[in-house]
Amino acid sequence: MSSRAARSPDRPDPADLPPTYDFRAAEERWTRHWLESDTFRADPESGREPYCIVIPPPNVTGSLHMGHALDNTIQDVLIRWRRMQGYETLWLPGTDHAGIATQYVVEKRLAEEGLNRQELGRERFLERVWAWKDEYEATILGQLKRLGASCDWSRTAFTLDEPRSRAVREVFVHLYRRGLIYRGEYIVNWCPRCRTTLADLEVEHEEHDGKLYTVRYPVEGGGSISVATTRPETMLGDTGVAVHPDDPRYRDQVGRTALLPVLGRRLPIVADPWVDREFGTGAVKVTPAHDPDDFELGRRHGLGLVKAIDEDARMTAEAGPYAGLDRHACREALVRQLQAEGHLEKVEPHRHAVGHCYRCETVVEPLVSRQWFVKTRPLAEPAMAAVRDGRTRIVPERFEKVYFHWLENIRDWPVSRQLWWGHRIPAWTCQAGHLTVDTEAPAACAECGSGDLVQDPDVLDTWFSSALWPFSTLGWPERTRDLEVFYPTSVLVTGYDILFFWVARMMFMGLEFMREVPFRTVFLHGLIRDAEGRKMSKSRGNAMDPLEIIEAVGADTLRWSLITGNTPGNDMRYSSEKIEGARNFANKIWNAARFTLQNLADFEPSGPGEAAAGEARPDGLELADRWILSRYRRAAGEVTRLLDRFELGEAARVLYDFVWSELCDWYIELAKARLYGDGPAARRVAQQTLWQVMEGTMRLLHPFMPFLSEDVWQRLPRRRGDRETLALAPWPAPDAALADAEAESRMELVMAVTRALRNLRSEVNLPPTRRAYAVLRATSPEALAVLDGARDYVARLAAAGRLDLSAARPGQGPPPQALAAVVPGCEIYLPLAGLVDLDREIARLEKDLAAAATTLARARQRLGDPMFRSRAPEEVVRREEQKAAEAEELVQRLKARLAGLRD
RNA sequence: GGGCGAAUAGCUCAGCGGAAGAGCGCGCGCCUUACAAGCGCGAGGUCCCAGGUUCGAACCCUGGUUCGCCCA
């Protein structure tokens with residue numbers, strides 16, 4: 001009992017081993033244990049090197065989807081790994097208020113009750129949204145816990161809670177005072193359904209089949225000019241016509257005045273190099289109030305602004321006879337009139353991009369309005385510099401290009417939203433129209449002292465507050481210890497789809513307010529798609545619910561299925577086969593653990609696990625022990641190296657191969673002889689090795705499958721000083737003492753011989769229950785020695801009842817009536833009187849011979865090339881020589897065998 | 001109009017300068033006392049095309065083709 005100190009009260013009985021892994025019990029048990037013992041709470045005073053991840057806060061619009069499951073699994077793998085490595089880890093959780101989206105879903109729910117927010121009023125509407133937020137925040141945090149997320153829940157944040165709101169006000173005021181926030185009349189994207197402004201990013205462009213209308217405008221003093229447009233209704237807001245200055249077709253028209261059909265408005269004809277001569281007629285109508293490019297062009301030429309479409313997407317009084325009509329109805333009616341009056345020259349089919357609101361998919365209307373903007377250029381420069389000089393690294397690197405391109409072409413960021421759910425803009429206006437911007441409601445106007453102040457009714461873009469997330473969550477604007485220790489955070493893990501929305505803007509704000517990047521590394525992953533490669537979405541009905549998967553197969557299986565086969569930055573198709581594969585792997589591990597535990601009941605570790613480094617290797621290790629320890633060490637090194645490079649999928653693959661193809665397929669099989677018989681000393685050595693490898697493997701597995709690995713690990717025999725939870729156990733360190741190239745190459749021979757024998761058996765469908773007689777003839781003294789020490793291995797794994805091993809002698813004939821195979825180092829015979837089909841045997845050997853001959857020919861050709869010998873690295877030449885020698889041996893022996901058979 | 005990604009076994013994908021890989025599927029044989037969610041064996045590939053660089057190319061370069069995505 002003494003050596004089993006530190007036994008957790010939650011530690012399951014090692015002997016209680018149901019035949020299949022009970023993930024429900026394990027998940028419940030370890031979630032509770034970790035929470036109760038505060039395993040994941042970060043301590044800024046520990047003095048350990050910090051490693052911090054701030055969660056990309058999920059929206060409180062709904063529950064988590066597969067993309068979240070992936071995002072958070074990746075974060076958890078990284079944070080658990082670093083925690084085991086001894087870093088002071090902080091994974092800070094939280095949620096996002098998602099202004100427009102949340103307001104939209106709550107409004108939808110109200111509509112179901114026959115209500116709308118206007119009737120309810122701002123205050124009562126917000127109460128409803130807060131209630132919604134409480135409900136979904138709880139759901140989301142619960143889902144994260146179910147996933148196994150090892151967050152420090154004591155620090156949970158919300159973008160709209162008081163500390164974060166204070167940060168928002170501070171930032172707004174600071175930027176305003178620095179002149180980086182301004183208010184002005186500019187063209188913005190307007191969603192008529194949400195009745196709010198949208199940033200360019202929030203508009204999704206979609207190709208539509210539309211029409212290109214060519215309309216003839218009369219010109220004062222005679223003649224006409226024809227313009228092409230995809231949106232004829234906007235002509236009611238035209239204030240000019242533009243042509244290219246070098247376009248000879250229109251040189252004479254520049255400076256004259258066109259007359260707008262229907263309204264007769266006078267439109268100056270201007271020349272501007274922006275105009276594309278190739279498009280349409282080469283002349284364009286200019287509608288500054290309803291097109292961003294026209295807006296700029298209109299400014300350059302002093303053209304007026306005529307707002308023909310209002311915030312409800314209806315035509316304004318400026319539209320004359322069309323006032324009050326919906327924009328779509330107006331188009332139809334107007335086109336009819338133009339045609340009737342002979343102004344419509346032609347209509348052609350035309351594909352063009354139409355902007356849609358990213359939340360409600362309504363067609364966006366560009367229009368001029370008064371909004372708050374963030375001046376982005378001064379913020380973008382430092383954000384680019386930080387990536388350029390490596391203070392922040394983007395993984396995979398190719399996204400740096402995308403990042404730079406966007407920042408180089410960035411436009412000012414409209415941050416006011418005509419919503420109720422969000423951070424109210426800290427700006428007040430007095431009756432005289434003076435503006436006061438402050439972090440708290442001012443008592444009097446800063447300019448005239450009036451106490452009659454009205455706060456701006458608008459709220460800020462959600463991304464404005466998300467941009468502060470890496471430091472607002474750590475306590476800013478207070479100068480907290482958390483900020484000091486954990487900022488800059490270590491890594492940001494998120495999908496590449498919000499590189500601009502979020503990542504770039506966090507860079508702006510972090511650099512402006514902390515004078516330091518918000519994260520050292522940005523790790524971008526791809527999107528989860530369905531089995532057919534389509535994006536998963538609720539509306540499409542192909543979404544999978546991570547919680548349902550957890551209920552069905554367990555969180556570890558879900559996690560593994562998301563991590564394996566996933567490469568950085570690439571989308572991933574997700575299917576039930578992936579889940580099945582992961583579940584099978586979990587089951588495989590459970591059964592390997594069951595086997596181990598069943599054979600370790602009387603074992604107490606005393607030898608060196610890696611946890612106690614520096615101890616000597618125990619005596620009595622056999623080849624198989626040395627081999628598996630060496631392979632384990634290699635796997636541990638590889639997994640570590642790959643995690644370090646964010647290659648989580650590859651790391652998982654290495655683990656999978658090690659566990660399944662080496663530990664289970666070979667080592668466990670080879671250990672059975674000693675565990676089941678052989679005497680106490682040998683048994684003890686096998687137990688020691690098995691324990692050591694399993695214990696270490698559970699540690700390697702833990703970041704990926706925290707519940708299963710913990711559940712197994714807790715059942716394993718343990719030593720004094722072991723941690724109470726695997727989550728805090730040390731990560732396997734590279735242990736040079738375990739490396740054993742000799743054991744690896746010897747086992748390779750043993751495995752090759754075994755496989756060859758199995759192959760021969762399979763050729764004649766010899767079932768494993770029929771023990772066979774096998775003859776091995778080693779072709780070198782080294783091989784003979786190796787095989788002599790491993791004859792039990794071969795006999796066991798190839799189901800040989802009797803096994804004769806000798807040195808191959810020249811001129812020696814083969815055993816009679818035998819199937820034959822050759823591997824480098826050994827001839828293999830399976831004497832099977834009556835079962836040998838001579839023709840088939842010859843065919844098989846000929847095939848082997850052909851393969852070996854091809855290898856030999858290729859190797860010889862390369863070795864015969866003097867350029868190869870002089871230019872290729874020595875190591876490569878040596879390997880090629882070895883290859884040639886082995887192939888030659890195979891060729892000779894196969895030829896000899898065939899000659900014998902043909903006689 | 002720019003930019004990015006993908007193209008490798010029937011399917012989904014790794015590999016990204018030194019002998020073509022995995023999972024699933026397929027075929028044959030096995031209830032071999034950890035595991036049939038399993039075990040053994042096997043079949044299956046002009047690594048999209050054309051050039052180039054290199055002693056050596058699935059991998060690097062150039063130019064295409066086909067799909068997907070992002071930005072304007």
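Within every chain, numbering begins at 1; the chains are lettered A, B, ... in the order of the sequence lines, protein sequences first and strands thereafter. In this text, all values refer to a predicted model and were calculated from it rather than measured experimentally. Worth knowing before you read on, the calculation uses all heavy atoms, side chains too, and leaves out hydrogens, waters and symmetry mates.
In this structure, the side chain to side chain contact (heavy atoms under 4.5 Å, CB included) partners of His405(A), at least two apart in sequence or on a different chain, are Asn409(A). Here Trp406(A) pairs with Phe500(A) under the ring-ring contact (aromatic ring centres under 6.0 Å, His included) rule; sequence neighbours left out.
Atom CG in Leu527(A) sits about 12 Å away from atom C1' in C70(B), given to the nearest Å. As rounded to whole Å, 6 Å separates atom P of C13(B) from atom NZ of Lys578(A). The OH atom of Tyr676(A) sits 13 Å away from the P atom of U32(B) (whole-angstrom rounding). Distance NE2 (His525(A)) to P (G5(B)): 18 Å, rounded to an integer number of Å. The separation between Tyr403(A) atom OH and G3(B) atom C1' is 18 Å, rounded to whole Å. Taking atom CD of residue Gln882(A) and atom P of nucleotide G18(B), one finds them 18 Å apart after rounding to whole Å. Per the geometry, CZ belonging to Arg758(A) stands 14 Å off C1' belonging to G29(B), to the nearest Å. Atom CE in Met572(A) sits roughly 19 Å away from atom P in C11(B) (whole-Å rounding).
A salt bridge does not link Arg878(A) to Glu874(A): none of the charged side-chain nitrogens sits closer than 4.0 Å to a carboxylate oxygen.
Taking side-chain N and O atoms only, Tyr496(A) has no distance below 4.0 Å to OP1 or OP2 of C71(B). For C41(B), the OP1/OP2 oxygens have no side-chain nitrogen or oxygen of Arg761(A) closer than 4.0 Å. In this model, the phosphate group of C39(B) is approached by a side-chain N or O of Trp660(A) to a distance below 4.0 Å at OP1 or OP2. For the pair Arg862(A) and G56(B), the criterion of a side-chain N or O lying under 4.0 Å from OP1 or OP2 is not met. Dashed line: the shortest gap from a side-chain N or O of Asn409(A) to OP1 or OP2 of G2(B) is not under 4.0 Å. Phosphate proximity of G42(B) to Asn759(A): present, with a side-chain N or O under 4.0 Å from OP1 or OP2. Distances shorter than 4.0 Å separate some side-chain N or O of Lys672(A) from OP1 or OP2 on A34(B). Regarding contacts with the backbone of A37(B), every side-chain N or O of Arg583(A) stays at 4.0 angstrom or more from both OP1 and OP2. Side-chain N/O atoms of Thr567(A) include one lying less than 4.0 angstrom from OP1 or OP2 on A14(B). At A43(B), one or more side-chain N or O atoms of Lys847(A) fall inside 4.0 Å of OP1 or OP2 (strictly under the cut-off).
Taking 4.5 Å as the limit, some side-chain heavy atom of Asn599(A) sits within range of a side-chain heavy atom of Tyr676(A).
Taking the C1' atoms as reference points, G17(B) lies 8 Å from G56(B), given to the whole Å. Rounded to whole Å, the separation between the P atoms of G64(B) and A72(B) comes to 26 Å. Spacing of P atoms, C67(B) relative to C16(B), comes out at 29 Å, to the nearest Å. Nucleotides G18(B) and C71(B) have their C1' atoms positioned 40 Å apart, rounded to a whole Å. Taking atom C1' on both nucleotides, C28(B) is separated from U33(B) by 25 Å, rounded to a whole Å. One P atom belongs to G45(B), the other to G3(B), and the distance between them is 38 Å to the nearest Å. Nucleotides A43(B) and A57(B) have their C1' atoms positioned 28 Å apart, rounded to a whole Å. Rounded to whole Å, the separation between the C1' atoms of U65(B) and C49(B) comes to 7 Å.
Within 6.0 Å of CZ in Arg770(A) there are 12 or fewer heavy atoms belonging to other residues, nucleotides or ligands. Enclosure of atom CD in Glu278(A) is not indicated, since only 12 or fewer non-hydrogen atoms of other residues, nucleotides or ligands lie within 6.0 angstrom.
A donor-acceptor contact under 3.5 Å is formed by the side chain of Lys588(A) with the base of C35(B). With hydrogens and angles left out, the side chain of Glu647(A) and the base of A14(B) share no donor-acceptor pair within 3.5 Å.
Put simply, CG on Leu670(A) and CG on Asp792(A) are 10.0 Å apart, with the number rounded to the nearest 0.5 Å. Distance check: Arg411(A) CZ to Thr376(A) OG1 gives 10.0 Å after rounding to the nearest 0.5 Å. For the atom pair NZ of Lys672(A) and CD1 of Ile668(A), the computed distance is 7.5 Å after rounding to the nearest 0.5 Å.
No contact: Val402(A) has no heavy atom under 4.0 Å from any strand. Among the heavy atoms of the strands lying under 4.0 Å from Arg858(A) are primed sugar atoms or P, OP1, OP2 only; no base atom is included. In this structure, Pro873(A) reaches the bases: a heavy-atom distance under 4.0 Å links it to at least one base atom across the strands shown. Counting non-hydrogen atoms under 4.0 angstrom, Phe399(A) reaches nothing in the nucleic acid. Thr769(A) comes within 4.0 angstrom of no nucleic acid atom, judged by non-hydrogen atoms across all strands. Counting non-hydrogen atoms under 4.0 angstrom, Glu669(A) reaches a base of the nucleic acid. Within the nucleic acid shown, Asp657(A) has no heavy atom closer than 4.0 Å to any nucleic acid atom. Residue Asn570(A) is in sugar-phosphate contact alone, with no base atom involved, counting any heavy-atom pair closer than 4.0 Å across all strands shown. Contacts of Glu650(A) with the nucleic acid, taken as non-hydrogen atoms under 4.0 Å apart, involve only primed sugar atoms and P, OP1 or OP2.
With A14(B), A34(B), C30(B) as the choices, the nucleotide that has an atom nearest any side-chain atom of Pro768(A) turns out to be C30(B). Taking only side-chain atoms of Lys401(A), from C-beta outward, the nucleotide of G40(B), C4(B), U12(B) with the closest atom is C4(B). Of the listed nucleotides (G18(B), A34(B), C13(B)), A34(B) has the atom at the smallest distance from the side chain of Ile668(A).
Partner Ile528(A) forms a side-chain contact (heavy atoms from CB on, under 4.5 Å) with one of Met536(A), Arg573(A), His65(A) and no other, that one being Met536(A).
For the pair Arg631(A) and Trp660(A), the cation does not sit on the ring face, since its NZ or CZ is not both under 6.0 Å from the ring centre and inside 45° of the axis.
Base pairing in RNA chain B gives the following stems of 3 or more Watson-Crick or G-U pairs, range against range and under 3.5 Å: B:1-7 with B:65-71, B:10-13 with B:21-24, B:26-30 with B:38-42, B:48-52 with B:60-64.
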